[in-house]
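Everything numeric in this text was worked out from a predicted model, so none of it was measured. Order of listing sets the numbers, starting from 1, for every ligand and every atom in it.
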Amino acid sequence: MRVLFVASEAAPFAKTGGLADVAGALPGALSRLGCDVTLVTPAYRDVFAKGLGIDDTGLSFEVPLGGRRLTARILRSTLPGTDVPVFLIANEGCFDRPTLYGGTEDYADNAERFIFFSRAALELAGRQDRPVDILHCHDWQAGLVPAYRKLVYHAWPMLSQARSVMTIHNMAYQGLFWHWDMLLTGFDWKHFNWQQMEFYGQLGFLKTGLVFADAITTVSPTYAREIQHAPGGCGLEGVLAARGDALSGIVNGIDTTVWNPRTDRHIPRTYGPDDVAEGKFAARVALAARLGRAAPDPRPLVALVGRLVEQKGIELVIEMLGRVAGQGRARFVILGTGSAETEEALRRVAASYPDAIEVVIGFDEEFAHLIFAAADIVLVPSRYEPCGLTQLYAQRYGAIPVVRATGGLVDTVIDATQASLAAGTASGFVFEAFDSFALEHAIDRALGVRSDEGLWSRLVRQVMAQDWSWDTSARAYLDLFERVRRADPVAVA
Ligand code: ADP
Ligand code: GLC
C-alpha cells in the first residue's frame, strides 16, 4: 500500500496546531504497519531553523498557476525516528515567509500558495517510479488534491489508480476564496456550482475536497456526527450528510516518543506512574524558576495550553478566573497565542491576581512539555473540538483533564463519578453546558478529588496507564485505505 500524505504542516518541521502533531506521527505509525508512506509538506522558512537534515534532491519542475508557471524545487528529509521520506516543496515566493499562513490577517495569496502546493504534490508523485494507492489529504490546504487527481492528473500512470481520502481536522477553517481564484486553479468553470466547488459565491477548498474525495474522515467519531448538522458543519452539514456513507471518525493518537514523561528531554526529572509526585515536583520547581519565582506554589496547578481563539472556550476561562482566582484554592498557568483582544483580556485578569494567575503569551513547544509535567489539572473547555490533543498529553503526563463534552473530548475523557472512580475507568472531569459556572463546577469537583490524596493518586496512575499511541488508530486508517482501494472511485460529472 503506497500512501502519499499531503499536509500543510508536520511536526517537527513546522507547526501551528494539532494537524502538525498528527502529520508528524501518523505516517510513522502507518509505516510500522507495513505501508509505504511519503509525506509532502511545504518548505516554509521555519523548517530550516529546526536543525533537521534537509537535502536538495536536485529535482525541480514547473507548476501551472493560472497563466503563469511557478517553479517547485524538491527538498528531502526524513521524519525523525522513522524511515518515512519527507519531500518539502520549496518556492521562496510562496513559502519563505515569517509565518505559515499569515498573522492577524491571512496572507492575501493563500489560495495561490496552496493551489501551488497541492499541484506540486501531485506533480511530484506523478514523477516517482511507483504508483500511489492513496492520496491522504489534510484540511483545506490540501482540499483541491482530490479534484486535481480526478480532473487533471487521472491519466498520469503513477496516479491513475490512486484514491483520495480527505481528513478534516477542523470544519471552521474551510479555505474560502474569491471566485476569480478559479482561474488560478485551472479547473473548468462548470465545476463552480453549488454541488462541487462553490460555497455561497466563493471558491471552497475544503468543500471541493469533501465532494471529490473517495472517502472522508475526521478526527473523532463524535465530531463525525456533529458535523453532519448545524452548527458543527459550519455550513457544510448538507454536503457531509449527503456523503454520510463515505464519512467516518478515527480518533487521533499521540506520538509517544515525543510525549513521554519517562524520556522527555524538556523536563528536569523524567518520571512514570510510580514516581509521578517526584517528577511533578521537579517540574514545578523548574516552572517557578522560569516564571521568575523563588519557590513553587504549594497549591494545585491548573494549566491551559492552546490557541487563544473562540474554539477553545477561553472566554469561559476568563470569566471563571475573575470569580475563583481570588479564592486562593489553586494556581493557574496559561500558555498560548491568539487574537489581540483575548490575549489582552487574559493579561488583564492575570494582572488583577498576580499571585494566582500566570499568563504566558507565545508559542513555545518546550515550555508546553514542562507545563504538562508540572500541572495537576489541564483545562480544555472548548466550544467545539474535533479531537483535541492537549487532554491526551495531559493524561500521559499525569495531569487530569477538565473538558467540555464536545467532539473528540467526549471520545477521550471519561467523567470521574463515584462509580467510574470505583471501577477504575475515570479519566477526567467533563462538563456539558458552554458556561463558565459549569467549568467552575467541574474544576471544583477535580479539586475535591485532589484533596483526597489516595483517590487522586489512583486516578493519576490510572490515567497515565492508558494507551493513546497511534497503533489502534493507524490500523483503522489502514483498514479504511484497503476498503477505499477495493471500491470503485467516486464518479464526478
Ligand atoms: P488545535 O489543533 O485545535 O490547536 P490540538 O489540541 O489538537 O488543538 O493541538 C494543539 C497542539 O498545539 C498541541 O500540541 C499543543 O501543545 C500545541 N500548542 C498550542 N498552543 C501552543 C503554545 N502556545 N505553545 C506550545 N504549544 C502549543
Ligand atoms: C484541529 C482540531 C483539533 C485536532 C487537531 C488534529 O486543529 O482543532 O481538535 O486535535 O486538528 O487533528
Side-chain angles (χ1 to χ4, degrees), residues 5 7-12 14-26 99-101 136-142 166-174 206 217-224 226-227 232 234 249-256 258-259 264 266 290 303-314 333-339 342-343 346 358-373 375 378-397 399 401 403-404 406-413 468 470 473 477:
F5 209 96
S8 63
E9 52 185 272
K15 166 165 169 175
T16 68
L19 167 60
D21 293 10
V22 173
L26 176 56
T99 62
L100 273 55
Y101 312 121
H136 192 183
C137 315
H138 297 265
D139 274 355
W140 71 263
Q141 292 90 339
M166 184 77 227
T167 293
I168 306 161
H169 296 264
N170 196 329
M171 284 306 301
Y173 300 91
Q174 296 187 4
L206 181 60
T217 73
T218 187
V219 288
S220 68
T222 298
Y223 194 61
E226 289 171 352
I227 61 180
C234 299
I250 301 176
V251 82
N252 286 331
I254 65 175
D255 187 331
T256 49
V258 175
W259 298 96
D264 196 325
H266 306 311
R290 172 104 199 230
L304 184 149
V305 176
R307 294 181 297 117
L308 306 177
V309 296
E310 204 188 320
Q311 174 189 348
K312 300 291 175 181
I314 306 301
V333 173
I334 295 170
L335 169 67
T337 55
S339 70
T342 312
E343 291 179 358
L346 274 168
E358 200 79 50
V359 169
V360 180
I361 300 297
F363 195 96
D364 186 335
E365 190 86 28
E366 293 184 15
F367 198 22
H369 285 245
L370 182 62
I371 290 177
F372 291 123
V378 166
L379 304 181
V380 197
S382 308
R383 184 182 286 277
Y384 70 91
E385 195 61 74
C387 179
L389 293 169
T390 59
Q391 79 280 11
L392 303 181
Y393 299 147
Q395 292 177 354
R396 182 120 168 109
Y397 281 70
V403 308
R404 194 169 93 78
T406 181
L409 301 171
V410 172
D411 299 324
T412 55
V413 181
W468 287 118
W470 267 103
S473 295
Y477 276 106

Within the 3.5 Å criterion, strictly below it, is a donor on H136 or T167 matched to an acceptor on the partner's side chain? yes
Between I227 and A224, what is the shortest heavy-atom contact and its length? CG1-O, 3.5 Å
At their closest point, which heavy atom of P401 faces which heavy atom of Q391, and how far apart are they? CB-CB, 3.9 Å
Going by the rule side-chain contact (heavy atoms from CB on, under 4.5 Å), which residues pair with R404 if we only count those two or more places apart in sequence or in a different chain? T406, F431, F434
Should we say atom CD of E343 is surrounded by more than 12 heavy atoms from elsewhere, each under 6.0 Å from it? yes
Expected contact list for ligand 1 at under 4.0 angstrom, heavy-atom basis, is K15, G17, G18, D21, V305, G306, R307, Q311, K312, L335, G336, G362, F363, D364, E365, A368, E385, G388, L389, T390, Y393
Can you tell me which residue among V403, V380, V251 is in a side-chain contact (heavy atoms from CB on, under 4.5 Å) with T412? V251
Considering residues at least two apart in sequence or located in another chain, which fulfil the side-chain contact (heavy atoms from CB on, under 4.5 Å) criterion with V359? I334, L346, A350, I357, I361
Heavy atoms, side chains only, cut-off 4.5 Å: are V410 and E385 in contact? no
Measuring from each atom of ligand 2, which residues have a heavy atom under 4.0 Å away? G18, L19, V22, H169, N170, V219, N252, R307, Q311, E385, P386, C387, G388, L389
Without hydrogens or angle criteria, can the side chains of E9 and Y101 be said to hold a donor-acceptor pair below 3.5 Å? yes
